[in-house]
Asker: 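Have a look at the structure that comes next, please.
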Protein chains: 2
Amino acid sequence: MERFEELARRLSAVGAVKRDLGRTLPQDCPAGSAAVLTALDREGEMRMSRLAELLAVDTSVTSRHVAHVADRGWIEKSPDPADGRSRILRLTPAGRRKLAQLSERYTRALAAHLADWSDDEVDRLNAMLARLRDSFGDCRTAPRPPDAGGPAEPTTRTPA
Amino acid sequence: MERFEELARRLSAVGAVKRDLGRTLPQDCPAGSAAVLTALDREGEMRMSRLAELLAVDTSVTSRHVAHVADRGWIEKSPDPADGRSRILRLTPAGRRKLAQLSERYTRALAAHLADWSDDEVDRLNAMLARLRDSFGDCRTAPRPPDAGGPAEPTTRTPA
DNA sequence: TATTGTTATACTCTATAACTATA
DNA sequence: TATAGTTATAGAGTATAACAATA
């Protein structure tokens, strides 16, 4: 169990890293908003429920974050032809520009701190974090739909 | 930069893992309090300023968390013979019992989710997270950038 | 009746700034 | 004057529950 106790502490310490990186974000786009933009950029347009699932937070939380970015014109909500209760969320050109700006700053800060890491090391950390996330799978929400069409061409953005 | 963009997303996703694990914590001891108990258990008695440094949060934040656990009798504050402004923080027996309880639940949840990980894999993740934390050293004093619309301001650092 | 999303409320975590009490 | 710690205030993130509109 010792190694799991260590892991618990290490995960806790990741918070410090994230707080530090979060300071690169502009005042009008906090981490929650950046996460919405990033998800829509990578996965393409989607409904609120799916976005909440991707972000692994409650729909009420997602609703607030979406409202924030929609108020600023970074995403648009169009009617969902398949379900009148739902709407389709989509990045706007302004949203893409905002995301590009965020991503550039955030990623640059990360790269600066990890300047002495080899590409391979970063890749290995990425792989392990991916596995970690998978191991916690869908403890909060339903599994992703059987994915058929593949995500709309992601432009490789990033932030929080 | 792509691998750093991926890392940014992976780090963000760690939040979901931590939220999930955080649900194992008892109502009277949230994550911040647990962090205080853990640090005092591992590093031994210390002053507020050192604790704040270990947790990588502002002393005002630490002060609140310490007040929470002190109110519940989990730590005690004794006068610092070397400096009258300061006090020494120390776990009480009750604090140790509380921590043992927390740790048991938290660690068990972690172990359950990572049941199919080998010891070696957990060790490697631990090592990488340790290095990640080290790479962000003591960068807690960096103020927020002036933000708002404009392009990323110039940085003195030269990322890879 | 069930589901999608919104809103009201509450709690945790964090930071900045003002304040106290020592040094 | 400077430092250790506290407190007041504010902002972000999250969750639960009550609600509206639609299915």
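Within every chain, numbering begins at 1; the chains are lettered A, B, ... in the order of the sequence lines, protein sequences first and strands thereafter. Computed from a predicted model, the values in this text were never measured in an experiment.
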Asker: Please give, in whole Å, the distance from D:dG13 P to A:K18 NZ?
Answerer: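 For the pair A:K18 NZ and D:dG13 P, the rounded distance is 11 Å.
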
Asker: So which nucleotide from D:dA4, D:dA15, C:dT6 ends up closest to the side chain of A:V61?
Answerer: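 Selected nucleotide (nearest to the side chain): D:dA15.
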
Asker: Starting from C1' on D:dG13, measure out to CG on B:D20 and report it in whole angstrom.
Answerer: 16 Å

Asker: Could you check how far CG of B:D71 sits from C1' of D:dT7, rounded to whole Å?
Answerer: 14 Å

Asker: Between C:dT6, C:dC13, D:dT3, which nucleotide gets closest to the side-chain atoms of B:R85?
Answerer: D:dT3

Asker: Checking all strands, does B:S49 fall into the base, sugar-phosphate, or nothing category for heavy-atom contacts under 4.0 angstrom?
Answerer: sugar-phosphate

Asker: Looking at C:dT4, I'd like to know if its phosphate oxygens (OP1 or OP2) sit under 4.0 Å from a side-chain N or O belonging to A:R50.
Answerer: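 Indeed not, no polar side-chain atom of A:R50 lies that close.
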
Asker: Do B:R72 and B:D28 sit within salt-bridge range, that is, some charged N less than 4.0 Å from a carboxylate O?
Answerer: no

Asker: Looking only at side-chain atoms of B:R47, point me to the closest of C:dT22, D:dG5, C:dA2.
Answerer: D:dG5

Asker: If you round to the nearest 0.5 Å, how far is CG of A:L125 from CG of B:L11?
Answerer: 7.0 Å

Asker: For B:R124 and A:M128, indicate whether the former's side chain and the latter's backbone hold a donor-acceptor pair under 3.5 Å.
Answerer: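 A pair under 3.5 Å: no.
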
Asker: Between C:dT14, D:dA12, C:dA8, which nucleotide gets closest to the side-chain atoms of B:R64?
Answerer: C:dT14

Asker: In whole angstroms, how far is the P atom of C:dT6 from the NE2 atom of A:H65?
Answerer: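 Going from A:H65 (NE2) to C:dT6 (P), I get 13 Å.
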
Asker: Rounded to whole Å, how long is the line connecting atom CG of B:D58 with atom P of D:dA10?
Answerer: 17 Å

Asker: From CZ of A:R87 over to P of D:dA21, roughly how many Å is that when rounded to an integer?
Answerer: 12 Å

Asker: Between A:G84 and A:L55, name the one whose nearest nucleotide on DNA chain D is closer to the 5' end.
Answerer: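 Its nearest nucleotide lies further toward 5', so the answer is A:L55.
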
Asker: Would you kindly compare B:R19 and B:T62 by the position of their nearest DNA chain D nucleotide and give the one closer to the 5′ end?
Answerer: B:T62

Asker: Would you mind checking if B:R133 and A:D20 are paired as a salt bridge, meaning a charged N to carboxylate O distance below 4.0 Å?
Answerer: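 Looking at B:R133 together with A:D20, the answer is no, because their closest N to O distance does not fall below 4.0 Å.
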
Asker: Quick check on DNA chain C: between B:G32 and B:S60, whose nearest nucleotide comes earlier from the 5' end?
Answerer: B:G32

Asker: With sugar-phosphate meaning primed atoms plus P, OP1 and OP2, does B:A31 contact a base, only sugar-phosphate, or nothing at under 4.0 Å between heavy atoms?
Answerer: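 Contact class for B:A31: sugar-phosphate only.
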
Asker: Could you tell me the separation between the CG atom of B:L89 and the C1' atom of D:dG5, rounded to a whole number of Å?
Answerer: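 Value for this atom pair: 10 Å.
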
Asker: Yes or no on side chain to side chain contact (heavy atoms under 4.5 Å, CB included) for B:S78 and B:R90, after CA distance, side-chain angles and deciding distance?
Answerer: CA-CA 8 Å; B:S78 37; B:R90 186 183 308 110; 3.3 Å; yes

Asker: Just compare D:dT22, C:dA23, C:dT12 and give me whichever is closest to any side-chain atom of B:D83.
Answerer: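 Of the options given, the side chain of B:D83 lies nearest C:dA23.
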
Asker: Out of C:dT4, C:dT14, D:dT6, which has the shortest distance to the side chain of B:S63?
Answerer: D:dT6

Asker: Write down the distance between CE (B:M48) and P (D:dT7), rounded to a whole number of angstrom.
Answerer: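 After rounding, the gap between these two atoms is 10 Å.
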
